[in-house]
Amino acid sequence: MNDLFPPFLYHSRKLERKGSCSGQVLRAAGEQKMAAHKNGSLIHIINRASVFFKNGSYRKRILLTSLKPVQCQRRAVSSIGDRNTNLTPHLSSNLAGWSYNELYELSVKDPETFWGSIAKERLTWNKPFDQVRDCEITSGKINWFLGGQLNVSVNCLDVHVAKHPDRVALVWERDEPGTEVKVTYRELLETTCRLANTLKRHGVNKGDRVAIYMPVSPIGVAAMLACARIGAVHTVVFAGFSSEALAGRIQDAQCKAVITCNQGVRGGRFIDLKPTVDAAVKNCPTVQHVFVAQRTTNPTPMGKLDIPLEEAMASESAQCAPEPMGSEEMLFMLHTSGSTGKPKGIVHTQAGYLLYAALTHQYVFDYHPGDVFGCVADIGWVTGHSYVVYGPLCNGATTVLFESTPVYPDPGRYWETVQRLGINQFYGAPTAIRLLLKYEESWVKKYDRSSLKTLGSVGEPINHEAWEWFYNVVGDGRCPLVDTWWQTETGGVCIAPRPAEKGAEIVPAMAMRPFFGIQPVLMEEKGKPISGNDVSGALCIGQPWPGMARTIFGDHKRFVDAYFKPYPGHYFTGDGAYRSKEGYYQITGRMDDVINISGHRLGTAEIEDCSEAYLQLAIHSYWHILSTLCCMFSFPCTTVPFAFVVLKEDPSLNHTAVVKELRGLVATKIAKYAVPDHFLVRIFILPKTRSGKIMRRILRKVAMEQTGDLGDVSTLDDPSVVAEIIKAHAQYKSLRSQNT
Ligand code: AMP
């Protein structure tokens, strides 16, 4: 393919490898530190309580209370190949040498000291903060690093350009295998500045919202950073969403501009993006400009709002003064589903989000300078924000942008990419792993995966079969596999097996341990915390942390109602969890009517809303658990949507045509991935309580074929409908099996 994609991003150079200049500089810094300690002939453990101040500063002359080796070198590989180097490089110089348990304890008992000292040292500030936090969780008041000013793009670009301008920042793994493009920190800064200047020239100012509807690409990353540079607020919309879904998000954010591409390329196919944007902006009066980048050479009609992005950038300066931003000013908003039909614009702010993304990136994945970090998420999801863009770039990492699919051109794509790019950390979704394990192991084994050091999973529970395959086949049983639990609202990983004490066990398919500052609490139905182990409950977090969302854009009441009202004094995650006998956490799934499709969150109400407006049908969709292995329904490993469709009693209705129409409807109104796998259109009465509430639990059990255990049905208005539904489901299954 003959691309016109930003010509100034085209450079072919060798990727910096382990032992690169920059890596040595950082390692040397660590050694010097240890040497300095040794020169004093003592290695210190300090009386911590006496040396830290609330604003994060600390006194250098400290009380020596005992001797303890400072951990500055890679630790021995444990039984499962875990380097577990969680203290190298240090969180901050004054926390060097602390163990995970000590650090965790400090982070929850004295968050001011913990976060204050780290924020001060790890972020570059225009103006230092004078208060570490001011939070009142019941009212959803969350403020960190007050009085401080910084610029996120400076922390992700300029600070690294100053030290190692030619280090590779991005490796764009394009859809076409073997055509990767490498972008250095200097080039990314220049591109970002040109784009930032283009936005400013067209009237985008601090505080304005900008929608980004682009595939994973250097120009997409530059668009995010350009917004950050000038203080505009980006809202990235996954480039698979329909025009209606895009319009809804643009309207909610009241965006002044949209940045898009003519087309996307995925799995060898071209996907038109500009026409989708055209259809969306027709209904978005706030949009003044649409900036159009060229991913392919195919022409796209340009209208009066449209500005060819590369052309506009070419005449702009490659320097742009960064806007100093208050810690709590908005960095971005990202829409995610709730239990109503209207997606929520989750707001993240500057300093706390960036610090949390960077810290989790380093410690959960055991990232080291010089590593090539491969998170294959799209920038349209929060995982792309935190672990493709902000976390890795803040840490000066080389981060991979994966544009393709796990099976293009064949099921070896991920592992061929690992070999070719020398990826050290590979972070993906269980849904892709489940897809890949169906193929011959040779698709993995034929590629050299010796560069891999950590594997990660996110988005939904990873079942045992997928975990074992990922760990044993991909990781050859030598790379720690971290099942990371977190959400759009949490900003970064909250529960994961790492960091942990040296050599600590990793239990398969469990998120396990809270990250620094995260205090998980399990609640019983009436809102009482559940103590002890081997218990299950609603997963809450007991105190604020810097990475958490600050509000829902334009609707703080909804924010408070959704997250802080259900369990006063706690953040409610919406998930259920089990605390094992050993005290480890396992996520058991959503507790509300939010479902998880291939790792993407979707409210059942959103699917239901689609149909009501159109066909005046009521669809009630549910996830249920199925197996990827035929006939093993008892082996839970994935969730698929199941729509129960109530039709008007009209014998002329053709059920097949209705299903076809509904499928198209959901794809148009939301996205293709949201289309339910199952449509059962034979039921005429849904199970309702006497107060008229549909008992979704019963439908879910029917879909899961667990009708022997329906629980209490005494509150049903007409309990006889249950037998009807079970019968209809059996007919549906039999018909479906005949057709497949
Ligand atoms: P999102 O905000 O779209 O990233 O979705 C967050 C939701 O995905 C969580 O509330 C969980 O329901 C689910 N989730 C994410 N990671 C995991 C995980 N490691 N294990 C289980 N569920 C997960």
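Both counts, for ligands and for their atoms, begin at 1 and track the order of listing. Please read all numbers here as calculations on a predicted model, not as lab measurements.
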Exercise for the section: List every atom of ligand 1 that sits less than 4.0 Å from any heavy atom of Asp483, numbering the atoms from 1 in the order shown and giving each element. Expected result: 18 (C), 19 (N)
Fill in the blank from the handout: The option among Gln586, His335, Met510, Glu460 carrying the non-hydrogen atom nearest to atom 23 (C) of ligand 1 is Glu460
Practice task
Take Phe373 and Tyr387, measure what ring pair (Phe, Tyr, Trp, His ring centres under 6.0 Å) needs, and give me the verdict at the end.
Solution key: CA-CA 9 Å; Phe373 189 79; Tyr387 301 114; 7.1 Å; no
Practice task
Would you check whether Pro461 reaches within less than 4.0 Å of ligand 1, judged by its heavy atoms?
Solution key: yes
Completion exercise
d(Arg249 CZ, Lys342 NZ) to nearest 0.5 Å is 10.5 Å
Handout entry: Atom indices of ligand 1 within 4.0 angstrom of Ile587 heavy atoms, with elements
Key = 21 (C), 22 (N)
Exercise for the section: Mark the output for Gly574 as yes if a heavy-atom distance to ligand 1 is under 4.0 Å, and as no if none is. Expected result: no
Handout entry: Heavy-atom side-chain contact between Cys156 and Leu225 under 4.5 Å
Key = yes
Handout entry: Partner of Phe402 by ring-ring contact (aromatic ring centres under 6.0 Å, His included), out of Trp172, Tyr414, Phe426
Key = Tyr414
Handout entry: Candidate with minimal heavy-atom separation from atom 9 (C) of ligand 1, of Val458, Asp575, Thr484, Thr573
Key = Asp575
Fill in the blank from the handout: When Phe516, Phe515, Tyr363 are each screened for ring-ring contact (aromatic ring centres under 6.0 Å, His included) with Tyr100, the one that passes is Phe516
Practice task
Check each heavy atom of Trp381 against ligand 1 and say whether those closer than 4.0 Å belong to the side chain, the backbone, both or neither.
Solution key: neither
Exercise for the section: Would you mind telling me if ligand 1 is within reach of the side chain of Thr383, the backbone, both or neither, using heavy atoms under 4.0 Å? Expected result: neither
Practice task
Taking the side chain as every heavy atom from C-beta outward, state whether Tyr356 and Thr490 have any pair of such atoms under 4.5 Å apart.
Solution key: no
Practice task
Flag Glu489 as yes when one of its N or O atoms lies below 3.5 Å from any N or O atom of ligand 1, and as no otherwise.
Solution key: no
Side-chain donor-acceptor contacts of residues 522-532 below 3.5 Å, not counting sequence neighbours, with atom names and distances?
none

